[in-house]
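As structure tokens, the structure follows; a few thoughts come after it.
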Amino acid sequence: MNTATIWRTTLTQLDMTPIDALTKTWLQDAHLIELPASARHELASDAPEQSLAFALQVPNDLACDIITTRWQGLLEDVMRDMLGQPVALVVRNSTYTTAAVPEVIPPVHEREVPPARTAHPPMRQHHAPPPQQNGNGYYDDVSRPPMQNEFSYASPNTLEDWENEQRANMLAHNRLNPRYTFGAFIVGNSNRLAHAASLAVAEAPGESYNPLFLYGGVGLGKTHLLHAIGHQGVDTGLAVLYVSSEQFTNEIVNAIRYRTTEEFRAKYRSVDILLVDDIQFIAGKESTEEEFFHTFNSLYEMSKQIVICSDRPPKAILSLEERLRSRFEWGLIADIQPPDLETRMAILRVKADLLHYHVPDEIIAYIAGRVQTNIRELEGCLNRLMAYQKLHRVELTMDVARAAISSLGTDTREPTLNSRQIAQAVADYYHISLEAMCGKQRDKYIVTPRQIAMYLIRQETSTSLLEIGQLFGGRDHSTVLHSCEKIDRTIHVNQTLRREILAIREQLMRE
Ligand SMILES: Nc1ncnc2c1ncn2[C@@H]1O[C@H](COP(=O)(O)OP(=O)(O)OP(=O)(O)O)[C@@H](O)[C@H]1O
């Protein structure tokens, strides 16, 4: 996929985000280019090694500042979901060239600066040049007025309004992903408890479950729930702080290094809701655990809400100090399990609707059947499908979906099924013998499963109509075609049949 297509597809996906109109105009005018290896030093120092590196050329300095501080993280997330690989961006004014940067001056994000003294760092601060606050608690590099003629999209008044709104937003919503709200979270059996507990905590922070400890596998919605609690807290005027344990650790290291531990403590102890992601990473880091222990105690004593996420329950975080482990167990521990097929389909449906992307149910079921454990991958598949379809300018059919999804990496299940396995699964599901199903019998309780088996074989394998006919007692290809078409029509009007077929598919995917 070339960079122009990647960028066009990214722009379509930004439609559902609350990016303001002016920034959207800048993004529409931006150009994405691949960053050559020789320019990788421009990326944030914590950009993953294996990330795809791009430069986003935007029309002016102001756009550059705002997109970097406010939206870069979101852009990287959207592109990562679409491309299935981490993405690192550097946002530049389009007049910038690498050659123009004097070699003796390191890129600004690599220069050493003391940690910003703010309780509300901007979103993804680690990717941006560290902002400097002015006396009003605003960030100078963002609040700086634009130069005359710097852009021509809005009158100064509009810009001023915009800036005020953005400052307020940035200070309030800090690093929370605008897409991760309760409204956008699909509830199923796998996450019902975690969702209910998160909602209870958001509605009455510090009163119901404290701490709330959420755990579950990769990409199952822990961070999403954490941010949803955060948004609700911010909306009700509370001071919310979301940190990854990695960020917490870095801040402590910096606080010790720059002798700003008092400020560090003041910051963490002034919040109403503390949200900590991936707590398992503080285990074994002595001074981080020590500081977190005191932070926890202070907040707890003041009845401030603490919500913690991890990939495993407290008992399984082996090198965690006992006193922290026991505190994590004081409140409620809720797990998130991999979603069932229905939930995966619902998530895909909602996501497709948000993108105004019409995806037939059968394709939703197909994707949901292939990605079973990780919702991030599930979303990635949908993004990939959309990008693939746009790139090839083809109608969205099952074959297109298959081609798009099969080019994905290892987390998806490739169809390794053969016709006999499918026929057997259908026979098992309807409690009939394979022989009867493949024979000549014409009773309805045999005929329908036979037609379903033909339909599924046609969907899931490249077996020809002729071969399918041979498997089913030497029927000719037009009979097979008729059966497939009949099932295809019926599942659009018959919920029961649709569910039965989904259940068989799910069973096959599990095998
Ligand atoms: N129940 C859900 N409804 C809608 N979207 C969901 C749901 N669960 C997860 N997602 C989406 O899946 C993606 C991954 O979720 P999230 O980042 O919260 O996972 P995580 O459990 O924190 O993963 P990790 O362990 O990798 O940090 C996000 O885009 C999130 O919005």
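Just follow the structure's listing: the first ligand is 1, and inside any ligand the first atom is 1.
With respect to the salt-bridge test (charged N to carboxylate O, under 4.0 angstrom), the residues Lys285 and Glu291 do not qualify.
Using a 4.0 Å cut-off between heavy atoms, Arg179 makes no contact with ligand 1 at all. Contacts of Leu378 with ligand 1, taken as heavy-atom pairs under 4.0 Å, are absent altogether. The parts of Thr223 lying near ligand 1 are both backbone and side chain, judged by heavy-atom distances below 4.0 Å.
Among protein heavy atoms, atom 28 (C) of ligand 1 sits closest to Tyr180 OH, 3.5 Å.
Side-chain N/O atoms of Asp278 and Ser244 include no donor and acceptor closer than 3.5 Å.
The shortest heavy-atom distance from Ile347 to ligand 1 is under 4.0 Å. Distances shorter than 4.0 angstrom occur between a heavy atom of Ala184 and an atom of ligand 1. Remark: distances from the non-hydrogen atoms of Gly217 to ligand 1 include one below 4.0 Å.
At under 3.5 Å, a nitrogen or oxygen of Ile186, whether backbone or side chain, sits near a nitrogen or oxygen of ligand 1.
Cation-pi check for Arg327 over Tyr300 is not met; the charged atom does not lie both under 6.0 angstrom from the ring centroid and within 45 degrees of its normal.
Between Tyr268 and Phe248, the ring planes lie perpendicular to each other; the angle is over 60°, past the 30° to 60° tilted range.
Here the straight-line distance linking atom OG1 of Thr10 with atom CD of Glu76 works out to 11.5 Å at 0.5 Å rounding.
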| query | Run the ring-ring contact (aromatic ring centres under 6.0 Å, His included) check on Phe54 and Trp7 step by step: do they pass? | reply | CA-CA 11 Å; Phe54 298 101; Trp7 187 237; 9.5 Å; no
